[in-house]
Amino acid sequence: MEQDNVSGDLVLYSNLIDLARKLCDYSKAISIFTRLKASTITPDLIAYNSMINVFGKAKLFREARLVLQEMADNAVQPDTVSYSTLLAIYVDNQKFVEALSLFSQMNEAKCPLDLTTCNIMIDVYGQLHMPKEADRLFWSMRKMGIQPNVVSYNTLLRVYGEAELFGEAIHLFRLMQSKDVPQNVVTYNTMIHIYGKTLEHEKATNLVQEMKKRGIEPNAITYSTIISIWEKAGKLDRAAILFQKLRSSGVRIDEVLYQTMIVAYERAGLVAHAKRLLHELKRPDNIPRETAIAILARAGRVEEATWVFRQAFDAGEVKDISVFGCMINLFSKNKKYSNVVEVFEKMRQVGYFPDSDVIALVLNAFGKLREFDKADALYRQMHQEGCVFPDEVHFQMLSLYGARKDFMMVESLFEELDSNPNVNKKELHLVVASIYERADRLNDASRVMNRMNQRAIRSHDHT
DNA sequence: TTAGGGTTAG
C-alpha cells in the first residue's frame with residue numbers, strides 16, 4: 001500500500017496495531033501508532049486504550065501515562081477502560097503505589113468505576129497489605145450498583161489468605177456456595193493454596209476431590225500447588241506418583257508444573273531425580289518443545305536449552321516470541337554474547353521485532369563483541385521504525401559510544417535525548433557524566449554535572 | 001463497507 005501511495009485509515013492502522021500486540025511485538029505496534037499519527041489520522045478512544053496497553057506491555061510506563069494527557073489534548077475523554085488498562089499495567093509490574101495514585105486521579109476526574117476497576121483495586125489493596133481497604137471496597141460494590149463476580153470473590157479470597165485471615169477466607173469460600181456464586185478452578189486453586197499455608201494438606205487434597213466431583217477440572221496450577229503442598233508435608237512419593245500419572249495421562253504440563261516437581265526433588269535432596277527430569281527435556285515426549293526450552297532456559301541449562309532451541313527452530317516450531325527472549329536472556333546472563341547475536345538474527349529472520357529488554361541485551365552483546373557499528377545500526381534502525389525506548393536502552397547506547405571513545409556521538413546523542421521530553425534528565429546527566437569520568441575526561445564530567453545543577457537552580461527559581 | 005480496549009490462581 002505504501003508503495004502504491006494508498007494511505008491507510010484508522011481501521012487499518014488499528015488492525016495492524018492489534019496484530020502486533022497479539023504477537024507481543026510492542027515495538028512494532030508503537031511504530032505503527034507513530035505512523036498513524038504522522039498521517040494525520042486522529043486516534044479514537046479505543047485506539048488510545050490499546051496504546052495504553054501497548055506502552056505498558058513494553059514497560060514504557062511514562063509513555064503509557066502520557067497517553068491519558070494526549071487524549072485530553074485531543075478532546076478524547078479517557079474512560080473507565082483507559083484507567084483500568086493503566087491500573088492493570090501498574091499491577092502487572094508491581095507498581096502498586098502508582099496504581100493507588102492513579103485511582104485517586106480517576107476518582108477526582110469523576111470517572112465511574114465498574115466491575116473490572118473494583119476487581120483490580122481489591123487486588124491492589126491486598127498487595128499493599130491493606131486488607132481492610134480491600135474488604136471495604138468489596139462490600140461497598142453493591143451500594144455502587146456493581147454485582148461482585150467470581151473474580152471479585154477470588155481476589156478477596158486471596159487477599160484474606162495472604163493477610164492470614166484464614167477464618168474469613170473459609171467463610172467467604174462457603175458463602176459463595178450458599179449464595180450460589182459460581183466457583184471456578186481459580187477459586188479452588190486459591191483455597192487449596194490457603195490450606196497449604198495453614199499446613200492442612202489433607203483438607204487441600206480433599207478440595208481437589210471436591211472440585212472434580214463438582215465438574216471443575218483441576219489444571220496445571222492445581223497440580224503444581226498440590227505437589228508443593230505434599231512435598232512440604234513430607235509426602236514426596238505421593239507427589240512423584242501424581243506427576244508420573246499426569247505425564248502419561250495427557251494433562252497439559254506447562255513449565256511451572258514441570259519446574260515444581262524438579263524443585264520438590266531438589267528440596268528433598270534427591271538431586272539425581274531432579275537432573276533426570278531436566279535431562280528428559282532434551283527429547284520432550286508429551287511436552288511442546290517451546291515449553292521444554294523455557295524450562296531449560298529458566299533452569300540455566302545452557303547446553304541443553306541451546307540444543308533443543310536449535311532443533312525446534314530448524315523444524316520451524318518456534319512461534320512464540322518469548323522463547324527467543326528467554327534464550328537471549330540465558331545467553332546474556334552466561335556472557336555468551338555471540339549466541340545472543342545468533343538468536344537475535346534468527347528472530348529477525350522470521351520477522352519478529354525485539355522488545356526493549358531484548359534490544360538492551362543485544363546492544364550490550366554487540367558492545368562486548370566490540371561490534372559498535374552493528375549496535376549503532378540497530379539503534380538507528382529501531383529509532384527510524386519509530387520505536388520508543390525506555391531510558392535504559394538510550395543509556396546503554398551512550399555507554400557504547402563512550403566505550404568506543406566516540407565522544408562526538410556521545411555529545412550528539414546527549415543533546416538529542418536532552419531535548420526529548422520523555423527522558424529522565426537527571427539520570428541522563430548522571431549517565432553522561434559517569435561516561436566521561438570513566439574515560440578520565442573530568443572537565444567534561446563536571447561540565448555535564450554543572451549543567452544539571454544550573455538547570456535545577458533555574459527551575460527552582462521559576463517555581 | 002471495514003474493527004478494535006481493561007480484572008483472579010502455581
Side-chain angles (χ1 to χ4, degrees), chain A residues 8-22 29 32-33 36 43-57 64 67 71 76 78-92 99 102 106 111 113-124 126-127 134 137-138 141 146 148-162 169 173 176 181 183-197 204 207 211 216 218-232 253-261 263-264:
Chain A
D9 62 359
L10 183 58
V11 176
L12 174 65
Y13 280 105
S14 297
N15 272 315
L16 290 176
I17 288 172
D18 197 52
L19 281 174
R21 221 158 56 96
K22 283 185 182 135
I32 297 165
F33 183 61
L36 175 156
D44 67 357
L45 176 64
I46 296 181
Y48 275 125
N49 287 351
S50 295
M51 286 312 297
I52 294 176
N53 177 283
V54 165
F55 281 123
K57 289 279 163 60
V67 173
M71 291 169 82
V76 180
D79 71 350
T80 307
V81 177
S82 321
Y83 283 102
S84 302
T85 306
L86 191 50
L87 284 173
I89 290 297
Y90 283 142
V91 171
D92 277 347
L102 181 65
M106 180 180 183
C111 181
L113 311 184
D114 71 358
L115 178 59
T116 305
T117 323
C118 290
N119 291 346
I120 296 172
M121 287 312 297
I122 293 169
D123 182 22
V124 168
Q127 304 273 8
L137 178 56
F138 178 88
M141 283 169 74
I146 303 167
N149 68 354
V150 63
V151 177
S152 328
Y153 278 93
N154 291 347
T155 307
L156 187 63
L157 194 61
R158 199 213 61 221
V159 170
Y160 283 154
E162 276 171 1
F173 182 76
M176 290 175 81
V181 178
Q183 297 180 311
N184 61 18
V185 63
V186 180
T187 319
Y188 274 92
N189 289 348
T190 307
M191 198 62 224
I192 291 168
H193 184 84
I194 289 173
Y195 279 133
K197 278 194 78 163
L207 278 190
M211 66 195 283
I216 301 168
N219 61 14
I221 298 180
T222 320
Y223 292 123
S224 93
T225 309
I226 207 80
I227 285 174
S228 302
I229 291 174
W230 285 347
E231 180 265 316
K232 281 196 195 93
I253 309 233
D254 69 7
E255 53 262 45
V256 181
L257 175 51
Y258 206 93
Q259 185 87 32
T260 303
M261 194 63 233
V263 170

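To find a chain, count down the sequence lines: A is the first, B the second, and so on, and within it residues start at 1.
Panel note: side chain A/Q183, backbone A/F173; a donor-acceptor pair is recorded below 3.5 Å.
In this structure, the nucleotide among B/dA9, B/dT2, B/dG6 sitting nearest to the side chain of A/D114 is B/dG6. Closest approach to the A/D44 side chain among B/dG4, B/dT2, B/dG10 is made by B/dG4 (side chain taken as heavy atoms from C-beta onward). Comparing B/dT2, B/dT7, B/dG4 against the side chain of A/V11 picks out B/dT2 as the nearest. Checked against B/dA9, B/dT7, B/dG6, the side chain of A/V185 finds its nearest nucleotide in B/dA9. With B/dG6, B/dT7, B/dA9 as the candidates, the nucleotide lying closest to the side chain of A/S84 is B/dG6. Of the candidate nucleotides B/dA9, B/dT7, B/dA3, B/dA3 has the atom nearest to the side chain of A/N15. Residue A/S14 has its side chain nearest to B/dG4 when only B/dG4, B/dG10, B/dG6 are considered. Closest to the side chain of A/D9, from the set B/dT2, B/dG6, B/dG10, is B/dT2.
A pairwise comparison of heavy atoms in A/L115 and A/I146 identifies CA-CG2, 3.7 Å as the closest pair. Closest heavy-atom contact between A/E231 and A/A264: CG-CB, 3.6 Å.
Rounding to whole angstrom units, CG of residue A/N154 and P of B/dG10 are separated by 11 Å. One atom, NZ of A/K232, and another, C1' of B/dG10, lie 10 Å apart when rounded to the nearest Å. Atom OH in A/Y83 sits roughly 18 Å away from atom C1' in B/dT7 (whole-Å rounding). Between A/D79 atom CG and B/dG4 atom P the separation is 17 Å, expressed in whole Å. One can place CE of A/M211 at 14 Å from P of B/dG10, the figure rounded to the nearest angstrom. The distance between atom CD of A/E231 and atom P of B/dG10, rounded to the nearest whole Å, is 17 Å. Atom CG in A/L102 sits roughly 16 Å away from atom P in B/dG6 (whole-Å rounding). In this structure, A/N53 places its CG atom 21 Å from P of B/dA3, rounding to the nearest Å.
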Would A/L10 and A/D44 satisfy side-chain contact (heavy atoms from CB on, under 4.5 Å), going step by step from the backbone distance to the final call? CA-CA 8 Å; A/L10 183 58; A/D44 67 357; 3.8 Å; yes
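A/A88 comes within contact range of the sugar-phosphate backbone alone, with a heavy-atom separation under 4.0 Å but no base atom that close. In this structure, A/L257 reaches the bases: a heavy-atom distance under 4.0 Å links it to at least one base atom across the strands shown. Using a 4.0 Å heavy-atom distance criterion, A/I120 is classed as a sugar-phosphate-only contact. Within the nucleic acid shown, A/T117 comes within 4.0 Å of at least one base atom, counting heavy atoms only. Residue A/T85 is in sugar-phosphate contact alone, with no base atom involved, counting any heavy-atom pair closer than 4.0 Å across all strands shown. Contact annotation for A/T80: base contact, defined as any heavy-atom pair under 4.0 Å involving a base atom.
In the interface, the side chain of A/N219 is not paired with the base of B/dG10 through any donor and acceptor atom under 3.5 Å apart. Side-chain atoms of A/T225 stay outside donor-acceptor range of the base of B/dG10, with no qualifying N/O pair under 3.5 Å.
Here CG of A/L102 is found 6.0 Å from OH of A/Y90. Values are rounded to the nearest 0.5 Å. With rounding to the nearest 0.5 Å, the separation of CG in A/N189 from OG in A/S224 is 8.5 Å.
Within the structure, a side-chain polar atom (N or O) of A/R158 is placed less than 4.0 Å from OP1 or OP2 of B/dA9.
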